[in-house]
Amino acid sequence: MFSFSVETRSRRARAGRLVTPHGALDTPAFMPVGTAGAVKAVTARDLRDVGAQIVLANTYHLMLRPGDALVAELGGLHRFTPWRGPWLTDSGGYQVMSLAKLRRLDENGVTFRSHLDGTEHVLTPERSMQVQMNLGADVVMAFDECPMLPAPREAVAVAAERTTRWAERSRRAHHRADQWLFGIVQGGVDAELRARSAREIVALGFPGHAIGGLAVGEAKPDTMRVVAQMDGLLPEEKPRYLMGVGTPEDLVEAVARGIDLFDCVLPTRNARNGQLFTREGRLSIRNARHRADERPPDPGCPCPTCATASRAYLRHLHLAGEMSAATLMTVHNLFYYLDTLRNMRQSILLGRFEEFRGETLRGLSAAAEPADS
């Protein structure tokens, strides 16, 4: 039902295959973020067209609306939504931690008020597992405490220790054999705390591991230092998931340090704000220089958007507030991210990842194009 294998390596970069009950995915892989059971501005058909293999959904948001019990009644995410491929759900921990003014935290879990209507809810490791079992994703995450950075070392240590205890409770509460439950390593950017958390989480015997608590305010060099440290601490034979990261450059550098799975809102959110990722850097479609530009957003890109829409047309749609602007640009950005991972995987299989890494980073070194005001 489940399996993971590393097919080949190019230095520390890994090309693998993760098999789930609803399909297999080639790694390294990027997961489009479908917060409420849908990736904003695009359909399941669009996701298939750009080559998505797995989609991420958000436990916190689906628990509040439409409710995990209803999703379960209607057959789980694979029946409730049009996406029939693999799903991954996060634990909800990050979302409730970000609601600093609306929640209180104790050993039992987190009591918080809904951002929708102010009603009070309690999310514990046991409740997170119940919600995720109801949602029916293929891969689910242990409940963790994710401190925002920078934070005092003592606070980061307390969160990491609690994450271990909550991981133990999550394991005891989870009982769906058709789901893989991943543990999450915390510890901020402190090497000692990260090492301790990794040892404790790995000892619990999860089939896969996530690196949490990054891209939450720390400096980029610290992010990659922690990722490199985890390469020496997480089991080689199990999948590794870097949560919430990041830019195309981040993905290349994290793959170089042994990461297999990624998710990030950047390609979809930036598309809605008029920014496109291209092989020559970021492009702001609002810029007046694109007003009469007949070129596609990224010449040579085979995505459906670049095959049919000019920069001038996309600029017009975006400035006119047309919904199709978000769709077309999201399709392109997702294709760009997924294609970057596909090319990365191919370079690993061919033993030329370092060459690919250098070429890609040089192409992305162009400064982002500032938007016209």
Side-chain angles (χ1 to χ4, degrees), residues 30-31 33 35 56 58-61 90-107 109-112 115 123 125 128 141-167 170 182-202 209-234 240-259 261-267 269-270 368:
F30 180 80
M31 298 179 282
V33 177
T35 300
L56 179 147
N58 185 274
T59 291
Y60 165 85
H61 287 280
D90 60 13
S91 71
Y94 174 81
Q95 282 69 36
V96 295
M97 296 308 159
S98 67
L99 301 172
K101 297 181 180 179
L102 300 174
R103 53 89 172 172
R104 65 180 183 273
L105 171 69
D106 57 30
E107 186 62 26
V110 184
T111 302
F112 65 95
H115 71 287
L123 193 56
S128 176
M141 307 305 297
F143 194 55
D144 67 319
E145 181 181 350
C146 178
M148 304 301 287
L149 299 177
R153 186 177 191 274
E154 180 182 353
V156 176
V158 168
E161 292 163 2
R162 182 175 285 129
T163 290
T164 296
R165 294 191 295 273
W166 283 358
S170 296
F182 283 17
I184 302 177
V185 177
Q186 288 289 347
V189 295
D190 186 287
E192 180 183 352
L193 296 179
R194 278 286 174 179
R196 184 189 311 164
S197 177
R199 288 193 298 269
E200 292 173 350
I201 296 299
V202 168
H209 303 94
I211 304 170
L214 294 176
V216 291
E218 79 283 1
K220 190 65 64 68
D222 287 333
T223 303
M224 291 304 155
R225 175 176 53 80
V226 170
V227 174
Q229 180 191 11
M230 292 299 99
D231 180 44
L233 295 171
L234 298 179
R240 303 163 175 178
Y241 165 29
L242 180 57
M243 306 180 77
V245 177
T247 66
E249 296 90 336
D250 292 337
L251 271 58
V252 173
E253 294 292 20
V255 167
R257 292 162 174 81
I259 297 300
L261 297 170
F262 301 89
D263 79 281
C264 187
V265 298
L266 279 182
R269 184 177 63 195
N270 287 23

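Just so you know, residue 1 is the first one in the sequence shown, and it goes up from there. Reckoned from all heavy atoms, side chains included, excluding hydrogens, waters and symmetry mates.
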*Asks:* If you look at every heavy atom in Ala142 and Ala167, which pair is closest and at what distance?
*Replies:*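 The pair with the smallest heavy-atom distance is CB-CA, 4.3 Å.
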
*Asks:* Minimum heavy-atom separation for Phe30 and Leu251, please, with both atom names.
*Replies:* CD1-CD2, 4.0 Å

*Asks:* Nearest 0.5 angstrom please: Asp250 CG to Ile259 CD1, how far?
*Replies:*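 These two atoms lie 11.5 Å from each other.
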
*Asks:* For Leu233 versus Ala195, what's the shortest heavy-atom pair and its separation?
*Replies:* CD1-CA, 3.7 Å

*Asks:* Quick one: side chain to side chain donor-acceptor pair (under 3.5 Å) partners of Arg162, sequence neighbours excluded?
*Replies:* Glu107, Glu145

*Asks:* Once rounded to the nearest 0.5 Å, what's the spacing between atom OG1 of Thr111 and atom CG of Asp106?
*Replies:*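 Between atom OG1 of Thr111 and atom CG of Asp106 there are 6.0 Å.
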
*Asks:* At their closest point, which heavy atom of Phe143 faces which heavy atom of Gly92, and how far apart are they?
*Replies:* CE1-C, 4.2 Å

*Asks:* Quick one: do Tyr241 and Asp263 satisfy side chain to side chain contact (heavy atoms under 4.5 Å, CB included)? Show the steps, please.
*Replies:* CA-CA 9 Å; Tyr241 165 29; Asp263 79 281; 2.6 Å; yes

*Asks:* State the CG-OG1 distance between Leu266 and Thr247, to the nearest 0.5 angstrom.
*Replies:*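 So the gap between those two atoms works out to 7.0 Å.
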
*Asks:* Side-chain contact, heavy-atom cut-off 4.5 Å: Ser91 with Thr59?
*Replies:*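 SC-SC contact between Ser91 and Thr59 ruled out.
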
*Asks:* I would like to know whether Val185 and Ser197 meet side chain to side chain contact (heavy atoms under 4.5 Å, CB included); could you show each step before the answer?
*Replies:* CA-CA 6 Å; Val185 177; Ser197 177; 3.6 Å; yes

*Asks:* Check whether Glu218 reaches the backbone of Gly188 with its side chain - one donor and one acceptor, N or O, closer than 3.5 Å.
*Replies:*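 No; zero donor-acceptor contacts below 3.5 Å.
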
*Asks:* What pair of heavy atoms forms the shortest contact from Leu105 to Trp166, and how long is it?
*Replies:*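 Scanning both residues completely, I find the closest heavy atoms to be CD1-CH2, 3.4 Å.
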
*Asks:* Not counting sequence neighbours, which residues clear ring pair (Phe, Tyr, Trp, His ring centres under 6.0 Å) with Phe182? List them please.
*Replies:*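 Not a single residue meets the ring pair (Phe, Tyr, Trp, His ring centres under 6.0 Å) criterion with Phe182.
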
*Asks:* Test side chain to side chain contact (heavy atoms under 4.5 Å, CB included) on Leu234 and Val202 and set out the steps.
*Replies:* CA-CA 7 Å; Leu234 298 179; Val202 168; 3.9 Å; yes

*Asks:* So which heavy atom on Ala215 is nearest to which on Gly244, and how close?
*Replies:* CB-O, 3.8 Å

*Asks:* Could you go through Tyr94 and Met243, starting from their C-alpha distance and side-chain angles, then the distance that decides it, and tell me whether this counts as side chain to side chain contact (heavy atoms under 4.5 Å, CB included)?
*Replies:* CA-CA 10 Å; Tyr94 174 81; Met243 306 180 77; over 6 Å; no

*Asks:* Just jot down the side chain to side chain donor-acceptor pair (under 3.5 Å) partners of Glu200, sequence neighbours excluded, or say none.
*Replies:*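 With neighbours one apart ignored, the set is Thr164.
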
*Asks:* Distance-only, no hydrogens or angles: does the Thr163 side chain make a donor-acceptor pair with backbone N or O of Asp144 under 3.5 Å?
*Replies:* no

*Asks:* Taking side chain as C-beta onward, heavy atoms only, is Gln186 less than 4.5 Å from Pro147?
*Replies:*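 Of all side-chain heavy-atom pairs linking Pro147 with Gln186, at least one is under 4.5 Å.
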
*Asks:* Considering only residues two or more places apart or on different chains, which pairs with a residue in residues 209-230 satisfy ring pair (Phe, Tyr, Trp, His ring centres under 6.0 Å)?
*Replies:* none

*Asks:* Sequence neighbours excluded, which residues qualify as salt bridge (charged side-chain N to carboxylate O under 4.0 Å, His left out) partners of Glu192?
*Replies:*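 Once residues adjacent in sequence are excluded, the partners of Glu192 under the salt bridge (charged side-chain N to carboxylate O under 4.0 Å, His left out) criterion are Arg153, Arg196.
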
*Asks:* Within this structure, what is the CG-OG1 distance for the pair Leu242 and Thr223, rounded to the nearest 0.5 Å?
*Replies:* 8.0 Å

*Asks:* For Tyr60, enumerate each residue passing the ring pair (Phe, Tyr, Trp, His ring centres under 6.0 Å) test, keeping only those at least two apart in sequence or located in another chain.
*Replies:*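 Partners of Tyr60 under the ring pair (Phe, Tyr, Trp, His ring centres under 6.0 Å) test: Phe112, His115.
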
*Asks:* Between Arg257, Arg225, Arg194, Arg240, which is the residue that forms a salt bridge (Lys or Arg N to Asp or Glu O under 4.0 Å) with Asp231?
*Replies:*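 The option that passes is Arg240.
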
